[in-house]
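Worksheet: one structure, shown below.
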Protein chains: 2
Amino acid sequence: MTMDKADGDVSLESSARVELDLNQFLPYQLNRLADRISQALEKLYAESYELNIAQWRVLAWLSHCDDLTAKKVCAYTNMDKARVSRAIQSLEDRGLISRTPSQQDQRLHDLQLTDAGQALLNKLVPEAQAWEAGLVSTLSVGEYRDLLNTMRKLERQLERIG
Amino acid sequence: MTMDKADGDVSLESSARVELDLNQFLPYQLNRLADRISQALEKLYAESYELNIAQWRVLAWLSHCDDLTAKKVCAYTNMDKARVSRAIQSLEDRGLISRTPSQQDQRLHDLQLTDAGQALLNKLVPEAQAWEAGLVSTLSVGEYRDLLNTMRKLERQLERIG
DNA sequence: GACATTTAGTTTCATTAGAAACTATCCTTC
DNA sequence: GAAGGATAGTTTCTAATGAAACTAAATGTC
């Protein structure tokens with residue numbers, strides 16, 4: 001927060017021009033990249049499989065979590081519980097997942113993939129992974145590792161600074 | 001796309017379980033990080049300045065672009081033109097920006113910050129930069145540079161693979 | 001120079017998301 | 001064990017979003 005303008009101002013007056021170069025602003029850059037990647041990936045699961053992003057995320061988490069509930073999906077994906085609820089409902093309506101009230105706690109509903117859901121993922125997941133592979137093929141193994149590492153650091157820092 | 005299951009299957013049948021580990025899936029990781037950063041930053045400009053993300057982006061671009069139009073904002077920010085139109089309208093209503101029809105082309109409207117708009121940015125931009133500085137303070141200079149670099153590579157690759 | 005086409009921006013309309021209210025179950029505590 | 005929270009999930013209601021229709025101005029074509 002230093003004054004590095006060369007015009008000799010000694011204090012920040014309201015007419016001083018403060019600029020923000022978004023090309024150097026990490027939140028903006030990250031958001032734009034993530035947004036574009038999302039949009040590109042969406043073509044895979046939306047056009048071919050008629051899934052929206054919330055539904056896709058529920059399925060993806062189901063593919064490697066055996067005991068999943070709506071609550072957990074909310075926590076893992078950072079999505080609103082209403083949104084998750086609706087995604088689960090439509091997946092169930094389509095017969096891709098099934099819900100069973102938990103034995104221990106009747107409020108919880110255990111989610112599981114149906115055969116149809118697993119079959120869909122068996123086709124979709126390799127496509128998604130192939131697409132990702134194409135995306136990161138421009139990076140060296142080290143760059144890719146560093147990227148994930150740096151992202152983890154930022155997540156941890158985010159939790160610290162709120 | 002190799003079969004690395006150890007169960008001796010020779011072909012991919014529909015009951016084979018294909019998993020996707022989202023923690024290793026870049027699009028998901030990137031999206032979640034970007035999302036959380038956006039949400040945190042939103043507190044700055046939403047709570048203190050009553051700006052939504054679209055309005056904030058228009059102002060930020062205006063702060064270092066002298067000849068900006070709605071069309072350019074769309075291109076720079078990847079936002080829908082309806083959304084941009086509405087953001088511009090509300091900023092104008094609040095007296096933070098002004099619009100003048102371009103001399104050369106009456107369809108275009110040149111956007112510029114008003115004094116009030118510049119004054120707002122003079123307060124907000126340093127806050128945003130300070131917040132970003134806090135976020136990236138967990139990274140070394142090299143890591144930060146590499147991160148931006150890698151992101152640029154991914155953007156370029158995105159354009160290539162669509 | 002009229003007529004079709006493109007482009008910038010707005011408006012309308014249908015969908016979506018999220019906030020808040022609500023239901024049903026569970027947990028605490030007295 | 002009844003009362004007063006919590007908690008998981010759904011529903012309702014409102015606001016935001018994007019697709020598509022629309023307006024107005026520019027450009028191209030004949």
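Quick note on labels: first sequence line is chain A, next is B, and so on, each numbered from 1. As a basis for the values below, the full set of heavy atoms in this structure was taken, side chains included, without hydrogen atoms, waters or symmetry mates.
Looking at residues 32-45 of chain A, you'll see that no heavy atom sits under 4.0 Å from any atom of DNA chain C. Residues of residues 73-84 of chain A having a heavy atom closer than 4.0 Å to DNA chain D, listed by number: Lys81(A), Ala82(A). Only Arg86(B), Gln89(B), listed by number, bring a heavy atom of residues 86-97 of chain B to less than 4.0 angstrom from any atom of DNA chain C. Taken residue by residue, residues 51-68 of chain A places no heavy atom nearer than 4.0 Å to DNA chain D.
For Ser90(B) against Gln55(B), the heavy-atom pair with the smallest separation is OG-NE2, 2.7 Å. The two residues Gln106(A) and His109(A) have their closest heavy-atom pair at O-CE1, 4.0 Å. Shortest non-hydrogen contact noted between Leu30(B) and Ala34(A) is O-CB, 3.9 Å.
Residues satisfying the side chain to side chain donor-acceptor pair (under 3.5 Å) test with Arg160(B), not counting sequence neighbours, are Gln157(B). Residues that satisfy the side chain to side chain donor-acceptor pair (under 3.5 Å) test with Thr114(B), not counting sequence neighbours, are absent from this structure. In this structure, Phe25(B) has no ring pair (Phe, Tyr, Trp, His ring centres under 6.0 Å) partners at least two apart in sequence or on a different chain. Remark: Trp131(A) pairs with no residue by the ring pair (Phe, Tyr, Trp, His ring centres under 6.0 Å) rule, at least two apart or across chains. Among residues two or more places apart in sequence or in another chain, the side chain to side chain donor-acceptor pair (under 3.5 Å) test is passed with Arg32(A) by Glu155(B).
Counting only distance, with no hydrogens or angles, the side chain of Ser38(A) and the backbone of Asp35(A) share no donor-acceptor pair below 3.5 Å.
Screening residues 133-151 of chain A for salt bridge (Lys or Arg N to Asp or Glu O under 4.0 Å), with sequence neighbours left out, gives Glu143(A)-Lys153(B). Here salt bridge (Lys or Arg N to Asp or Glu O under 4.0 Å) pairs that include residues 91-114 of chain B, with residues two or more places apart or in two chains, are Glu92(B)-Arg99(B), Asp105(B)-Arg107(B).
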Item to complete: For the pair Gln112(B) and Ser98(B), evaluate side-chain hydrogen bond (donor to acceptor under 3.5 Å, both in side chains) and give the outcome as yes or no after the intermediate values.
Response: CA-CA 5 Å; Gln112(B) 50 268 324; Ser98(B) 62; 3.2 Å; yes

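Interatomic distance, CG of Leu113(B) versus CZ of Arg17(A), reported as 7.0 Å (0.5 Å rounding). Distance check, rounded to the nearest 0.5 Å: CG of Leu91(A) to CG of Leu62(A) gives 8.5 Å.
Nearest-nucleotide assignment on DNA chain C puts the 5′-proximal partner with Asp105(B), out of Gln106(A) and Asp105(B).
Of the candidates Asn31(B), Leu154(B), Thr150(B), Leu154(B) is the only one forming a side-chain contact (heavy atoms from CB on, under 4.5 Å) with Leu33(A).
To the nearest angstrom, P of dT25(C) lies 14 Å from CD of Gln103(A).
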Please enumerate all protein N or O atoms sitting under 3.5 Å from an N or O of nucleotides 3-7 of chain C, with distances to 0.1 Å.
unit_1: dT7(C); atom_1: O4'; unit_2: Arg107(B); atom_2: NH1; d: 3.3
unit_1: dT7(C); atom_1: O2; unit_2: Arg107(B); atom_2: NH1; d: 2.8

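Applying the 4.0 Å criterion to OP1 and OP2 of dT10(D), one finds that Ser85(A) has a side-chain N or O inside that range.
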